[in-house]
Number of protein chains: 2
Amino acid sequence: MSAGATKAMHPPRRARARRGEGEKLRTQIVDAASRLLVETGDEDAVSIRAVADAVGVTPPSIYLHFADKNELIFAVCERYFDELDRVTTAAAAEADDPVESLILRGRAYVKFGLGNPEPYRVLFMRKPTDTPITFQYEKIMSSSAFGHLRDAVAGAVEAGRIEGDPMLVSLYLWSVVHGITSLVISKPSFPWPEIDGLIDDIVRSALFGVIRRV
Amino acid sequence: MSAGATKAMHPPRRARARRGEGEKLRTQIVDAASRLLVETGDEDAVSIRAVADAVGVTPPSIYLHFADKNELIFAVCERYFDELDRVTTAAAAEADDPVESLILRGRAYVKFGLGNPEPYRVLFMRKPTDTPITFQYEKIMSSSAFGHLRDAVAGAVEAGRIEGDPMLVSLYLWSVVHGITSLVISKPSFPWPEIDGLIDDIVRSALFGVIRRV
DNA sequence: CGCACTAACGTAACGGCGTTAGGTTAGCGC
DNA sequence: GCGCTAACCTAACGCCGTTACGTTAGTGCG
């Protein structure tokens, strides 16, 4: 498979942390892993050994702060969870109309995913056996991103602009934006039409399916 | 990570094939890999060594017929490509109405994906760098499954039942069914509502967004 | 019948990976 | 100044994909 990116590029051995400051290593590990992920754009390049090298520490030291490799990778990608919420919330605020606001929110979701493909893949396209259980349920359900979507949909329903159960409609809209996002991530060489137009088209068609007719 | 499933379960050494029958090994390899994939339900259990063991041959012999591991795994999953077309085509034939037929087709797509999660993951949810280029473009574009969808959409447009460019609408519908499929595959522990109802709800809402109003 | 040729494999090894058992060092309290 | 323990390191296991190269056995030919 051959994934390794940087090799044998030991920075100077990290100085041992002082007593009571053992947690400093944890953030240094996450920072290094995060840097590796964005620089290589390849999850496989973020190996325990590569991260340890980047921090200036030996591989087993990683396990002082993470149970296994997955825990580390998800610790890195968890940061993108919050940013996804920030980005979609900001986009949704650009329109007053509830439906138009949902459209902007959907577009922002897709563009964020396409702009951060590897974190998105880890968070939303992974095999469940390689996904910590909290990232299958609570972390999503209680995430601001999903909560804000549900609130927005519920608001649009109350305003009489959208029909249906807010939860079902939210899952529907999530499916749509996740669908195009993950397809483009997985098949970038597919002859997609102009991407911005496609996204707009898809999101609008999707919302048109649950809109309240006059 | 620890993926290995069966270990040291050598079946008797395979007898060498006769002259001119070297291709027999290839199908035996694909068969064994396919069996491993469905039995374990885990792509990682399909290692070169495990497949070689199952066939009764040594690991390097795999490379007589496959350039690398990905080529083998996709050779296995390619079979599901055809079955996906068969299943969706059969489902679509159950209704005369073009729109209702598309709904049935969509539901069949999702259920097939959920029924074969690992092959679906390999075919449609993988990292592009681990996906043979032909599976990003030609194999999909020229696949009967996608072609039949486009034909069905085009027919519905000509019949005046659906609005829009057939290609764009097809990509839209594909995004929707792939979206819910991949989400459920990736997050099976998410508190989904009753799944059959959800699928039907989503597919109907999606088609409602491109239907022609009277 | 025997022999060279080559198709159809096998042997041995390289460098990587995640992970674990157990040892070592250094700062702080007493 | 001394023991305790937090904060690491050493060494290794067993797996992985992949490669260079050696071996065996059918088969057409003389």
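Atom P of nucleotide dT19(D) and atom NZ of Lys69(B) are separated by 15 Å, given to the nearest angstrom. In this structure, Leu72(B) places its CG atom 10 Å from P of dT18(D), rounding to the nearest Å. Atom OH of Tyr63(A) and atom C1' of dT10(D) are 16 Å apart (whole Å). Between Phe66(B) atom CZ and dA8(C) atom P the separation is 15 Å, expressed in whole Å. One interatomic measurement links the two molecules: CD1 of Ile29(A) to C1' of dC9(D), which rounds to 14 Å at whole-angstrom precision. Atoms CG (Asp44(B)) and P (dC17(C)) sit 16 Å apart, rounded to a whole Å. Between Asp130(A) atom CG and dC17(C) atom C1' there is a gap of 14 Å when expressed in whole angstrom units. Remark: P of dT19(C) and CG of Asp68(A) are 5 Å apart, rounded to the nearest angstrom.
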Distances under 3.5 Å between nitrogen or oxygen atoms of protein and nucleotides 4-8 of chain D:
| residue | atom | partner | partner atom | Å |
| --- | --- | --- | --- | --- |
| dT5(D) | O2 | Arg19(A) | NH2 | 2.1 |
| dA7(D) | OP1 | Gly20(A) | N | 2.9 |
| dA7(D) | OP1 | Glu21(A) | N | 3.2 |
| dA7(D) | OP1 | Gly22(A) | N | 2.8 |
| dA7(D) | N3 | Arg16(A) | NH1 | 2.9 |
| dC8(D) | OP1 | Arg14(A) | NH2 | 2.6 |
| dC8(D) | OP1 | Ala17(A) | N | 3.2 |
| dC8(D) | OP2 | Arg14(A) | NH2 | 2.8 |

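Using a 4.0 Å cut-off between a side-chain N of Lys or Arg and a carboxylate O of Asp or Glu, Lys111(B) and Asp196(B) qualify as a salt bridge. Using a 4.0 Å cut-off between charged side-chain N and carboxylate O, Arg86(A) and Asp82(A) make no salt bridge. Note on Arg204(B) versus Asp200(B): salt bridge recorded, some NZ/NE/NH1/NH2 to OD/OE distance being below 4.0 Å.
Nearest nucleotide to the Arg49(A) side chain, out of dG18(C), dA20(D), dT10(D): dG18(C). Closest to the side chain of Arg13(B), out of dA21(C), dT11(C), dT18(D), is dT11(C). For Pro60(A), whose side chain is taken as the heavy atoms from C-beta onward, the closest listed nucleotide among dT11(C), dT10(D), dG17(D) is dT10(D).
For the residue pair Ile48(A) and Pro59(A), the shortest heavy atom distance occurs at CG2-O, 3.9 Å.
The environment of Arg79(B) atom CZ is dense: over 12 non-hydrogen atoms of other residues, nucleotides or ligands sit within 6.0 angstrom.
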Trace of the side-chain contact (heavy atoms from CB on, under 4.5 Å) decision for His178(B) with Tyr120(B): CA-CA 10 Å; His178(B) 168 75; Tyr120(B) 190 89; 2.7 Å; yes
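With ring centers used as reference points, Phe190(A) lies under 6.0 Å from Trp174(B).
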